[in-house]
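Reviewing the structure listed below.
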Amino acid sequence: MSIANTAAQAMLSDALLRDSNGDNRIRHLELDLPLDKVIKFVSVGLPLLLVSMAFAREISIGPQISCFPPNNFTIKQAAYVDTYCWDSLMHHEFDTDGNFEERSLWVHKMFPYSLLVMAMMMYLPALIWRYLAVPSLTSDLFFIIDELDKSYNRSVRLAQSILDLKQHSENPLAKRKRYFEYPLLERYMQCKHGSYFLVSMLFLRGFLLLTFMSTSCLYLIYFHLSAFLQDEFSCFVRTGLLRDQPWVPELVQCKMTGLLVFQVISVANGAVYVLLAPIVLFSLLRLFCWDTTFLSLYEVLPGLGLMSSQKLGCPLNDLNVLLLFLRANVAQLRSLGNRC
């Protein structure tokens with residue numbers, strides 16, 4: 001009779017730990033793993049920092065070239081040549097046959113904007129994760145956290161009842177015997193053991209990051225090979241109203257003054273992405289290993305068995321992902337705080 005009374009109290013006493021504000025819990029819920037946060041911060045923040053430096057230099061200095069007009073040009077005419085040649089960024093030269101050739105150097109002007117595109121590309125995987133996987137992840141974490149807290153409450157009640165019954169305390173099997181069956185959490189986690197949505201989204205996120213970082217590094221290599229080897233070019237200024245003016249030379253020699261800055265920026269960005277690639281690979285490889293350390297803390301409670309009777313098998317499933325996020329959200333477990 002006392003056992004039945006204790007069971008009834010346990011089922012109706014899930015209020016040992018008071019519920020906190022739901023909105024407050026959502027704000028404090030970690031929906032990105034710590035390593036993924038670092039990857040997102042570096043991969044997105046670095047190009048934004050570099051592009052702000054490039055734009056600040058262009059705004060403060062003006063055109064990133066210095067041209068050498070003839071001596072008969074006034075100061076305003078020389079400034080016009082600088083502005084025109086920076087806007088056109090076309091290299092003109094005569095080949096061996098005397099034909100007029102031109103080659104675009106617009107990659108220099110588009111370099112800051114390409115860094116901005118890199119930052120947007122690096123943020124795209126996090127955006128996909130936020131809008132496709134986070135809603136499902138949030139509901140899963142809330143349910144499991146609440147059920148773990150409730151299971152803690154029930155196990156406390158069970159432990160108290162065991163201490164009150166001398167016949168069970170004398171029996172060594174009493175601690176292992178489950179007087180209360182609460183299979184909802186266990187069945188839910190078994191269901192997640194056969195689900196692959198969250199783990200596939202994490203793999204998609206990592207694959208997109210590696211693809212975008214490889215594309216960015218290839219672009220920076222192309223940028224160096226195509227434009228950084230040439231810091232001087234010949235600008236054709238005899239156009240428009242100056243076309244028929246004999247005192248205006250056809251070609252004016254110009255030099256890129258901001259080439260060294262662009263070189264440093266591109267090398268720094270590419271080097272960081274190369275160093276970041278192994279970290280992204282490690283974040284994917286950790287999904288191939290089970291992490292049950294956190295959940296094993298709850299296995300010591302009587303009347304609660306989540307993983308002991310279950311063959312885990314392959315770790316590539318949503319249950320392993322949820323265990324990783326439970327460790328990141330350990331502060332949300334009020335029962336664990338009480339135990340500590």
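Across all their heavy atoms, Pro112 and Val51 have their closest contact at O-CG2, 2.9 Å. Taking each heavy atom of Ile144 and Leu326 in turn, the nearest pair found is CG2-CD1, 3.8 Å. The two residues Glu30 and Ala328 have their closest heavy-atom pair at CG-O, 3.7 Å. Residues Phe288 and Pro315 share a closest heavy-atom pair of O-CG, 3.0 Å. In plain terms, the two heavy atoms of Val237 and Cys85 that are nearest each other are CG1-SG, 4.0 Å. Closest approach of Ser66 and Asp82 over heavy atoms only: C-OD1, 4.2 Å.
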Residues Phe111, Ser114; criterion side-chain contact (heavy atoms from CB on, under 4.5 Å); working and verdict: CA-CA 5 Å; Phe111 180 69; Ser114 63; 3.8 Å; yes

Chi angles and distances behind the salt bridge (Lys or Arg N to Asp or Glu O under 4.0 Å) call for Arg130, Asp36: CA-CA 12 Å; Arg130 177 180 178 182; Asp36 292 336; over 6 Å; no

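Linking ILVMFWY residues whenever their side-chain heavy atoms come closer than 4.5 Å, directly or via other members, leaves Val274 and Leu276 in distinct clusters. Under the 4.5 Å side-chain contact rule for hydrophobic residues, Leu319 and Leu285 share a cluster. Under the 4.5 Å side-chain heavy-atom criterion for Ile, Leu, Val, Met, Phe, Trp and Tyr, Val252 and Ile75 are members of distinct hydrophobic clusters. Note on Leu220 and Val267: separate hydrophobic clusters, where clusters join Ile, Leu, Val, Met, Phe, Trp and Tyr whose side-chain heavy atoms are under 4.5 Å apart, directly or indirectly.
Counting non-hydrogen atoms of neighbouring residues, nucleotides and ligands closer than 6.0 angstrom, the CZ atom of Phe207 reaches no more than 12 such neighbours. Within 6.0 Å of CE on Met90 lie more than 12 heavy atoms contributed by other residues, nucleotides or ligands. Heavy-atom neighbours of Phe282 CZ from other residues, nucleotides or ligands within 6.0 Å: at or below the threshold of 12.
Contact of the Val199 side chain with the Asn320 side chain is not registered, since no non-hydrogen atoms from C-beta on lie closer than 4.5 Å. Inter-residue side-chain proximity for Leu218 and Thr215 is flagged as unmet; no heavy-atom pair is nearer than 4.5 Å. A 4.5 Å side-chain heavy-atom check between Arg286 and Leu202 finds every atom pair outside the cut-off. Met213 has its side chain within reach of Val280: a pair of non-hydrogen atoms, C-beta onward, lies under 4.5 Å apart. Side-chain contact check for Leu33 versus Leu324: some heavy-atom pair is nearer than 4.5 Å. When side chains are defined from C-beta on, Leu46 counts as touching Leu50, because their heavy atoms get closer than 4.5 Å. Within the 4.5 Å cutoff, side-chain heavy atoms of Met256 are placed close to those of Trp86. The side-chain heavy atoms of His91 and Ser234, taken from C-beta on, include a pair separated by under 4.5 Å.
The aromatic rings of Trp129 and Phe325 lie parallel to each other, with less than 30° between the two planes, well short of the 60° mark. Classified by interplanar angle (parallel below 30°, tilted 30° to 60°, perpendicular above 60°), the ring pair His193/Trp290 is parallel. Aromatic ring pairs are classed by plane angle as parallel below 30°, tilted from 30° to 60° and perpendicular above 60°; the pair Tyr80 and Tyr84 is parallel.
Glu147 contributes atom CD, which lies 11.5 Å from atom CD1 of Ile145 (distance to the nearest 0.5 angstrom). Between the NZ atom in Lys255 and the CZ atom in Phe68 there is a gap of 7.5 Å [rounded to 0.5 Å]. Taking OH from Tyr273 and CG from Leu275, the interatomic distance works out to 12.5 Å, rounded to the nearest 0.5 Å. A distance of 13.5 Å separates CZ in Phe212 from SG in Cys217, rounded to the nearest 0.5 Å. Distance check: Leu115 CG to Asn269 CG gives 6.0 Å after rounding to the nearest 0.5 Å. A distance of 8.0 Å separates CG in Asp87 from CG in Leu89, rounded to the nearest 0.5 Å.
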Distance-only donor-acceptor pairs under 3.5 Å for side chains of residues 116-127, two or more places apart:
none

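Put simply, the side chain of Ser139 gets close to the backbone of Ser136: a donor and an acceptor are under 3.5 Å apart.
Evaluated for a side chain to side chain donor-acceptor pair (under 3.5 Å) with Ser195, the options Asn317, Asp318, Asp140 yield exactly one hit, Asp318.
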